[in-house]
Student: 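Please see the structure below; I have some questions.
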Amino acid sequence: MERREVLRLSAVAGAAGALTLGRVSFADAAPADGLPADGPGERTRRVTGHLPTGAPDFVHLPVEVPHGVREIAVSYTYDRPAVPEGTVGNACDIGIFDERGTALGGPGFRGWSGGARTEFYLRADDATPGYLPGPVNAGTWHIALGPYTVAPQGLSYDVTVTLRYGPRGHTPPPVHPPERARGRGRAWYRGDSHLHSVHSDGGRTPAEIAALARTAGLDFLTTTEHNTTSSHRAWEGLWGDDLLILTGEEITTRNGHVVAMGTDPEVFLDWRYRARDNAFGRYAHAVRRAGGLVIPAHPHATCIGCNWKFGLNDADAVEVWNGPYTPDDEVTLAEWDNTLVAHVRGRADWLPAVGHSDAHRDPDVVGLPQTVVLADDLSRRALLDGIRAGRVWIAESAKVDLAFSVTGAHGEHAGIGEHLDAPGDSEITARLKVSGAPGCTASFVTDQGRLHTAPLPPSGDGTLTWRTTPDHAAYLRAEVRHPATTPGLPGPMAAMTNPVFVGRRE
């Protein structure tokens, strides 16, 4: 049976939120294989419809699921008409909520694949990656369509829902990664905390990612799929004494993406809001309540919906370097540096900088870049504490190593993320030791800009020192860059540090 819906949405054009369509009922459907209604078999319904430009962000298709259903399978298509140059075409995401409802942050979430898949299924013992296995209980389920962009001609969709009957099966208890690995005690640990697998729009399996992380010399990684937690239970057997695996999510809203790093396994973090809803603070609190960090991702990326619109007041750190270093990262770096200036002027807290690969598939490089964290041990809590404190530097690979510190006239010492208490006119010395960066140039950057630069030896191993005073440098941070490739911009980054703040404490 097919049903057609044509929506006229002029009254809600451009409105954020959700629209609910008419219910899909299976009450009078006969099993496709001709078996009696109370026996094994399957039933199918097809719904077609049209969304105009200005459709709400989410369109819910209610499905009445009767008793005795073993599996739900959904497939969908939508049209992609030609559009004028410079005009967005159609893109429509999909996911599903069970009988517990679609409330924001509620318990009903059962999976999301965005635009990465055209079909999915779920049942008690298994589900398509991106979706959560579990009982298929009777009640009103909701297929969620997300018209990400809609062409001027509108978007025509075609959704097929199949219910398969039979024994419900057993849901195996999820196995989650441990929160601690052996580690090296208090040390610098390398990690990549923005990664995608087949559980969202990536092309690699968790096993492939774990192998690449080890090859990249990483000590930890965080699984961060778009708007789903299904990967949290997919890493069994892949962690070890040499690799800690943290769970998280890339919360992918219409106004920017945020890495929720190190959250408790299976905690659903909602993404169905915009900056104008003034709701981000509440959902950032939900990330912290789940034990994680709030890290805006690629704030100046050019993809639709990627540009960060929520501000930084509710962030714990900011991703200033995403994948191979680009002009987008240069803009983010400059914006982040402005927050450091505001901090030393007493106008804002400071946010540590981190870097992640955002790797999806070949040829994306896991660990390009990687965040290097000084932590008391290799554990979730210690790593997050280290990032929150700013004891972090970023490298393009494990081949690059550095040490950066600032000392005072009487032997006072401060490292990355720390504060050196010194009189404003006293001499301080910044020292940067670098290895593994051939052909690069090292610099010291302060609140007055880039004030000291020198090339490294051809080997890429060298030490740079510079003397100044707190009156002339309220903070110092270090950069190691390759030769310039884009006119008007400095060269791509090879490594960078968070700042050392100097001067008398207020």
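This structure is a prediction, so every number in the text was calculated from the model and none was measured.
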Student: Run the ring pair (Phe, Tyr, Trp, His ring centres under 6.0 Å) test against Phe97 and tell me which residues pass, sequence neighbours left out.
Tutor: Phe109
Student: Looking at Tyr283 versus Tyr273, is the centre-to-centre ring distance below 6.0 Å?
Tutor: yes
Student: Check whether Phe220 forms a cation-pi arrangement with Arg190 (NZ or CZ under 6.0 Å from the six-membered ring centre, at most 45° off the ring normal).
Tutor: no
Student: Report yes or no: is the cationic atom of Arg43 (NZ for Lys, CZ for Arg) under 6.0 Å from the centre of the six-membered ring of Tyr165, at an angle within 45° of the ring normal?
Tutor: yes
Student: I need the full list of ring pair (Phe, Tyr, Trp, His ring centres under 6.0 Å) pairs touching residues 238-263, with sequence neighbours left out, sorted by first then second residue.
Tutor: His226-His257, His257-His298
Student: Verify, without hydrogens or angle tests, whether Arg70 (side chain) and Arg168 (backbone) share a donor-acceptor contact under 3.5 angstrom.
Tutor: no
Student: For Tyr325, enumerate each residue passing the ring pair (Phe, Tyr, Trp, His ring centres under 6.0 Å) test, keeping only those at least two apart in sequence or located in another chain.
Tutor: Trp321
Student: According to the salt bridge (charged side-chain N to carboxylate O under 4.0 Å, His left out) rule, which pairs have a member within residues 358-371, sequence neighbours left out?
Tutor: Arg204-Asp362
Student: Got a sec, which residues hit ring pair (Phe, Tyr, Trp, His ring centres under 6.0 Å) with Phe280, two or more places apart in sequence or on another chain?
Tutor: Trp308, Phe310
Student: Under the side chain to side chain donor-acceptor pair (under 3.5 Å) definition, can you give me all pairs with a residue in residues 372-383, not counting sequence neighbours?
Tutor: Glu179-Arg380, Arg180-Asp377, Arg186-Asp376, Asp264-Arg380, Asp377-Ser379
Student: Within this structure, what is the OG1-CD distance for the pair Thr252 and Glu225, rounded to the nearest 0.5 Å?
Tutor: 10.0 Å
Student: Does Arg288 pair with Asp316 as a salt bridge, N-O distance under 4.0 Å?
Tutor: yes
Student: Salt bridge between Glu479 and Arg477, side-chain N to carboxylate O under 4.0 Å?
Tutor: yes
Student: Nearest 0.5 Å, please: how far is CZ in Phe120 from OG1 in Thr128?
Tutor: 8.0 Å
